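The shown structure was predicted, so the numbers you read here are calculated from the model rather than taken from an experiment. Order of the sequence lines fixes the chain letters, A, B, ..., with proteins taken first and strands second; residue numbering starts at 1 for each chain. Note: hydrogens, waters and symmetry copies are ignored here, and every other heavy atom, side chains too, is used.
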There are 2 protein chains.
Amino acid sequence: MVTKALELVEAEGPDALTMRRLAAELDVTTTTIYWHVGSRDELITEIIRQQSEQLAARPIKGTTPRQRIMAAATHIWESAVEHRAITSLAHQSGASSLLQHPLEVALAAELEAAGLTGPAAALAQRSILATITGFLVLALRDEASIREDSRSTTLWASTEADLDRSTIDALAAPHDLPKLFEVTLQAVVDSQL
Amino acid sequence: MVTKALELVEAEGPDALTMRRLAAELDVTTTTIYWHVGSRDELITEIIRQQSEQLAARPIKGTTPRQRIMAAATHIWESAVEHRAITSLAHQSGASSLLQHPLEVALAAELEAAGLTGPAAALAQRSILATITGFLVLALRDEASIREDSRSTTLWASTEADLDRSTIDALAAPHDLPKLFEVTLQAVVDSQL
DNA sequence: ACCTGAACACCGTTCAAGT
DNA sequence: ACCTGAACACCGTTCAAGT
């Protein structure tokens, strides 16, 4: 049943997960689900927990600590983008930490291998995770579902700001998110080493 | 009516903004609101637009470009935290760019003053904004409303990872978000100058 | 122990009808 | 031009009742 719920989310997005819809999928009544899981919130927690276990840390490649930390951080990002529906669900329900925890452990291990422990390691870890979160929000934001006049590129294209033409044009153009992610993350990582 | 909606959100949070609730507040029928604004989505866009205009960029202090860029970026963060309910609403509806745009213009101006134009300015701007977004998610996340077993600190406290005791303890302890924000943002800004 | 039917208190939205 | 009443198609959740 948790598995079915997970499939439903993967296939049709977080909003498709309603108690009635899931019940229909399982050929039972809505109330049956409540008997088993208690509430929608607990169901979601179970979904995230199950997905979290699947998220076994892939082997990290790279020789220098700098490379390996970048790889561990990039892994968190890629895995989240790969399972965007579940990531969104976790984000909506405040369960992102639960989902990412195994991969966060792998990151912390690489930070220790780089010589960081205690508060210094926690600082680096959180600084990196916050950065990843920011890019995740951008990556999961479905531009197509946003009203045209609320899109960043549209706003810049019609802005009357006293800025260089080339700057405005660049801000009105679409961006290369993976590249942006790498550049920014590298700066954050380097500042902590 | 948009003003009343804005007040409602500020006072009771984004979830309190339902068409029926707003109608009751205005002593009209739900359908009246539809006649005026079309849909909930358009109502939200108007709320954000109105708030956005209020968000006039405060004068930025600091002498060096580095200081002034940090001030402009911190201003975006502080203003979002100050109006957390509207920020959450904008975030939920994909209208964050619309809300923050005036303050983003101020940031872009400081980047130009530092000598960045065109694609280099766009890169710096987006790198900084993504970082702010990450910390905003952490700041607006209401820890109290998250199930205890999904909280990051709880997960670390009960983790069996092969890490130094001091590291785990540091990760299980609460963090100083403003300090973390400043350190991380400074690293990102410096990497772009 | 497991499942159902009916109900409660909500949503956003539409549409014919009134003034 | 502006507002209402009634209805539609949804939500999450509870609870007494069945096997």
Side-chain angles (χ1 to χ4, degrees), chain A residues 1-51 85-86 88-95 98 142 144-150, chain B residues 1-51 85-86 88-95 98 142 144-150:
Chain A
M1 156 159 175
V2 172
T3 306
K4 193 81 188 178
L6 211 161
E7 285 170 20
L8 183 58
V9 173
E10 291 251 56
E12 302 187 39
D15 293 347
L17 183 70
T18 71
M19 304 306 264
R20 283 172 171 83
R21 176 67 198 279
L22 178 59
E25 218 74 43
L26 292 163
D27 267 311
V28 292
T29 317
T30 333
T31 36
T32 303
I33 300 178
Y34 280 90
W35 192 88
H36 282 283
V37 298
S39 71
R40 184 170 190 269
D41 226 56
E42 290 181 64
L43 171 64
I44 290 174
T45 303
E46 282 314 308
I47 296 172
I48 306 295
R49 214 188 293 277
Q50 183 162 322
Q51 177 66 14
I86 282 122
S88 294
L89 181 69
H91 190 250
Q92 283 172 19
S93 355
L98 182 59
D142 182 13
S145 73
I146 294 180
R147 303 176 91 257
E148 212 220 328
D149 53 4
S150 294
Chain B
M1 156 160 176
V2 172
T3 305
K4 193 81 188 179
L6 212 160
E7 284 170 18
L8 183 58
V9 173
E10 290 250 56
E12 302 188 38
D15 294 347
L17 183 70
T18 70
M19 303 306 263
R20 282 173 171 85
R21 176 68 197 279
L22 177 60
E25 219 73 44
L26 293 163
D27 267 310
V28 292
T29 317
T30 333
T31 35
T32 305
I33 299 178
Y34 280 89
W35 192 88
H36 283 283
V37 297
S39 71
R40 184 169 190 268
D41 226 56
E42 291 181 66
L43 171 64
I44 291 175
T45 303
E46 282 313 310
I47 296 172
I48 306 294
R49 213 187 295 276
Q50 183 162 323
Q51 177 66 16
I86 282 122
S88 294
L89 181 69
H91 189 250
Q92 282 172 18
S93 356
L98 182 58
D142 181 13
S145 73
I146 292 180
R147 303 175 91 256
E148 212 220 327
D149 53 4
S150 294

Bracket string, DNA chain D, 5' to 3' - pairs by Watson-Crick or G-U geometry under 3.5 Å, | interstrand: ||.|||||...|||||.||
Euclidean distance for P, C/dA9 against D/dA9 (whole angstrom): 22 Å
Please report the interatomic distance OG(B/S93) to CD1(B/I48), rounded to the nearest 0.5 Å. 6.0 Å
Taken in chain and number order and not counting sequence neighbours, the residues that satisfy side chain to side chain donor-acceptor pair (under 3.5 Å) with B/Q51 are none
Which heavy atom of B/I33 sits nearest to which heavy atom of B/A23, and what is that distance? CD1-N, 3.5 Å
The criterion is salt bridge (charged side-chain N to carboxylate O under 4.0 Å, His left out); which residues satisfy it with A/D142, sequence neighbours excluded? none
For residues 14-33 of chain A, the side-chain hydrogen bond (donor to acceptor under 3.5 Å, both in side chains) pairs (sequence neighbours left out) are A/E12-A/R21, A/R21-A/E25
Mind listing the residues from residues 23-31 of chain A sitting with a heavy atom below 4.0 Å of DNA chain D? Number order is fine. A/T30, A/T31
For A/T32 and A/R20, find the nucleotide of DNA chain C closest to each by heavy atoms; which residue's nucleotide sits nearer the 5' end? A/T32
If I take atom CG from residue A/L43 and atom NE2 from residue A/H36, how far apart are they, to the nearest 0.5 angstrom? 12.0 Å
Residues of residues 5-19 of chain B with a heavy atom under 4.0 Å from any atom of DNA chain C, listed by number, are B/L17, B/T18, B/M19
With sequence neighbours excluded, tell me which residues meet side chain to side chain contact (heavy atoms under 4.5 Å, CB included) with B/Q50. B/V2, B/T3, B/L6, B/Q54
Evaluate the side-chain proximity of B/E42 to A/R147: yes if any heavy-atom separation is below 4.5 Å, no if none is. yes
Side chain to side chain donor-acceptor pair (under 3.5 Å) with B/S145: which residues, sequence neighbours excluded? none
Could you report the tightest heavy-atom contact between B/S88 and B/P14, atom names first, then the distance? CB-CG, 3.9 Å
From the 5' end of DNA chain D to its 3' end, which nucleotides mark the outer limits of contact with chain A, defined by a 4.0 Å heavy-atom distance cut-off (strictly under)? D/dC11 to D/dC15
For A/Q92, all residues meeting side chain to side chain donor-acceptor pair (under 3.5 Å), sequence neighbours excluded: none
Closest heavy-atom pair, B/L8 versus B/A16, reported as atoms and distance to 0.1 Å, is CD2-O, 3.7 Å
Tell me every residue that passes side chain to side chain donor-acceptor pair (under 3.5 Å) with A/E10, counting only those two or more places apart in sequence or in another chain. none
